[in-house]
Number of protein chains: 2
Amino acid sequence: MGVTSPTAESLVVPCCPPITTSELSAEQAESAAVMFKALADPVRLRLMSKVAAAEGGEACVCDLLDVGVAQPTVSHHLKKLREAGLLTSRKQGTWVYYAVAPGALTSMAAILDASR
Amino acid sequence: MGVTSPTAESLVVPCCPPITTSELSAEQAESAAVMFKALADPVRLRLMSKVAAAEGGEACVCDLLDVGVAQPTVSHHLKKLREAGLLTSRKQGTWVYYAVAPGALTSMAAILDASR
DNA sequence: CCCATATGTTGACAGACGTCGATATCTTGG
DNA sequence: CCAAGATATCGACGTCTGTCAACATATGGG
C-alpha cells in the first residue's frame, strides 16, 4: 500500500465559492483549510513545486529527497499532500511517482478569486 | 497600537514564481508558507471571507465575532492575518475596520498558477 | 469625570505538528 | 533465494498553535 487508491483522494470537488463572493460556511472553511494546511509548510511547498515543475508532470520520490530533511520526513509530507488531495501517486517497480492531482491547484486558486 | 503600520505589512511583494514554472528555493518556500499558514485555519478562512465579501471591502471587528470562538481568539486570528500581510486595519473611533490587503489574494493565486 | 462599549494583550493549557532513528515492506538483480 | 535498494511505517521527542478567562487599553456619551 502507500499508493493513492484510484477511486478517492484524487477527485477534485469544487469545495467552496470564491471568498470574495460569499462568506464561507463553517463546513466549507473546514474543508478548504485542509488544502491550505497542506501547503502551509516550506518543505511541502517545495515538494509540490518540484512535482509541479517536473517534466512529464511527475517526479520519482528519489528526485524529491533533496529538500533538507530526512527520507522518512519526506515520505510523511508526501502522504499529507496525498491525503489532502493535492498529489497522486503511482508505483512502477521499485519507484513511486508523484503527480499533481488534476484540478487541485486550480480549485485552490478559485477559492482565492483573482479579482482583487 | 494594534493597527497596521502604514509602511509595512500591507506591501505586496511578488514573493515567488508559480510552482509549476520552477522549483521554489528554500527561502521562497519559507515566505510563501507564511501566507498559506495564515489561511490554514477554518476560523481565519471565515474571517478572510467575511472581510473579502463585505460590501465596501471592509468589515468592523464587531461584525466578525460570529465565527464560533471567543472574542480574544478572533482578535488573535486577525492579528495573524495582519502579520501575514493578508489584511489591513484602520481605526475609526471605537471601531476597527479590516480590509483585504491589496494584491494579497492575487499574489497567492499567482503562486498556484492557473494552468493545470 | 466616570462608565459602558469595543478591541487588544497576557498567561496558561491541551492538542497538533515536524522531525528523526529504527524498522518494516516490497521489488529487482544476481 | 538472498542481498541491496527504494519507500513507507512506527514511536518518541520538542516545539508550535488554537483556545480561553482575566485583564488592560482606548473611545465616546451622559
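So that the names make sense, note that chain A is the first sequence line, chain B the second, and so on, each numbered from 1. Keep in mind that what you see is a predicted model, and the values were worked out from it rather than measured.
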**Student:** Using a cut-off of strictly less than 4.0 Å, decide whether H77(A) has a side-chain nitrogen or oxygen near OP1 or OP2 of dC17(C).
**Tutor:** no
**Student:** Can you give one letter per nucleotide of nucleotides 11-16 of chain D, going 5' to 3': B for a protein heavy atom under 4.0 Å from the base, S for sugar-phosphate only, - for none?
**Tutor:** ------
**Student:** Set out, line by line, the N/O atom pairs under 3.5 Å between protein and nucleotides 20-23 of chain C.
**Tutor:**
from, atom 1, to, atom 2, distance (Å)
dC20(C), OP2, A70(A), N, 2.7
dC20(C), OP2, T73(A), OG1, 2.9

**Student:** Can you list, by chain and residue number, the hydrophobic cluster partners of W95(B) when the side-chain cut-off is 4.5 Å?
**Tutor:** Y97(B)
**Student:** Does the side chain of Y98(A) come within less than 4.5 Å of L78(A)'s, by heavy atoms?
**Tutor:** yes
**Student:** Would you say dG18(D) has OP1 or OP2 under 4.0 Å from some side-chain N or O of K80(B)?
**Tutor:**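 The answer is yes; a side-chain N or O of K80(B) sits under 4.0 Å from OP1 or OP2.
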**Student:** Going by the salt bridge (Lys or Arg N to Asp or Glu O under 4.0 Å) test, which pairs reach into residues 99-108 of chain B, not counting sequence neighbours?
**Tutor:**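 Qualifying pairs: none.
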**Student:** Rounded to whole Å, please give me the gap between NZ in K91(B) and C1' in dT27(D).
**Tutor:**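 Spelled out: NZ on K91(B) to C1' on dT27(D) is 7 Å.
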**Student:** Going by salt bridge (Lys or Arg N to Asp or Glu O under 4.0 Å), name the pairs with one or both residues in residues 31-46 of chain A, residues two or more places apart or in two chains.
**Tutor:**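 Residue pairs passing salt bridge (Lys or Arg N to Asp or Glu O under 4.0 Å), neighbours aside: none found.
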**Student:** In chain order, what residues pass the side-chain hydrogen bond (donor to acceptor under 3.5 Å, both in side chains) check against E55(B), with sequence neighbours excluded?
**Tutor:** none
**Student:** Write out all pairs satisfying salt bridge (Lys or Arg N to Asp or Glu O under 4.0 Å) with one or both partners inside residues 98-109 of chain B, taking only residues at least two apart or from two chains.
**Tutor:**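 Listed once each, the pairs would be none.
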**Student:** What nucleotide among dG28(D), dT7(C), dA6(D) has an atom nearest to a side-chain atom of T94(B)?
**Tutor:** dG28(D)
**Student:** Checking D66(A) now: which residues fulfil salt bridge (Lys or Arg N to Asp or Glu O under 4.0 Å) with it, not counting sequence neighbours?
**Tutor:**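 With neighbours one apart ignored, the set is K50(A).
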**Student:** So, does Y98(B) get its side chain near the phosphate of dT7(C), meaning an N or O under 4.0 Å from OP1 or OP2?
**Tutor:**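 Checking Y98(B) against dT7(C): no side-chain N or O falls below 4.0 Å of OP1 or OP2.
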**Student:** Which listed nucleotide (dT7(C), dT9(D), dT7(D)) is nearest to the side chain of C62(A)?
**Tutor:**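 Shortest atom-to-atom distance from the side chain points to dT7(D).
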**Student:** On the nucleotide dG8(C), are OP1 or OP2 found under 4.0 Å from the side-chain N or O atoms that S75(B) carries?
**Tutor:**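 Answer is yes, contact under 4.0 Å.
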**Student:** What pairs with Q71(A) under side-chain hydrogen bond (donor to acceptor under 3.5 Å, both in side chains), at least two apart in sequence or on another chain?
**Tutor:** none
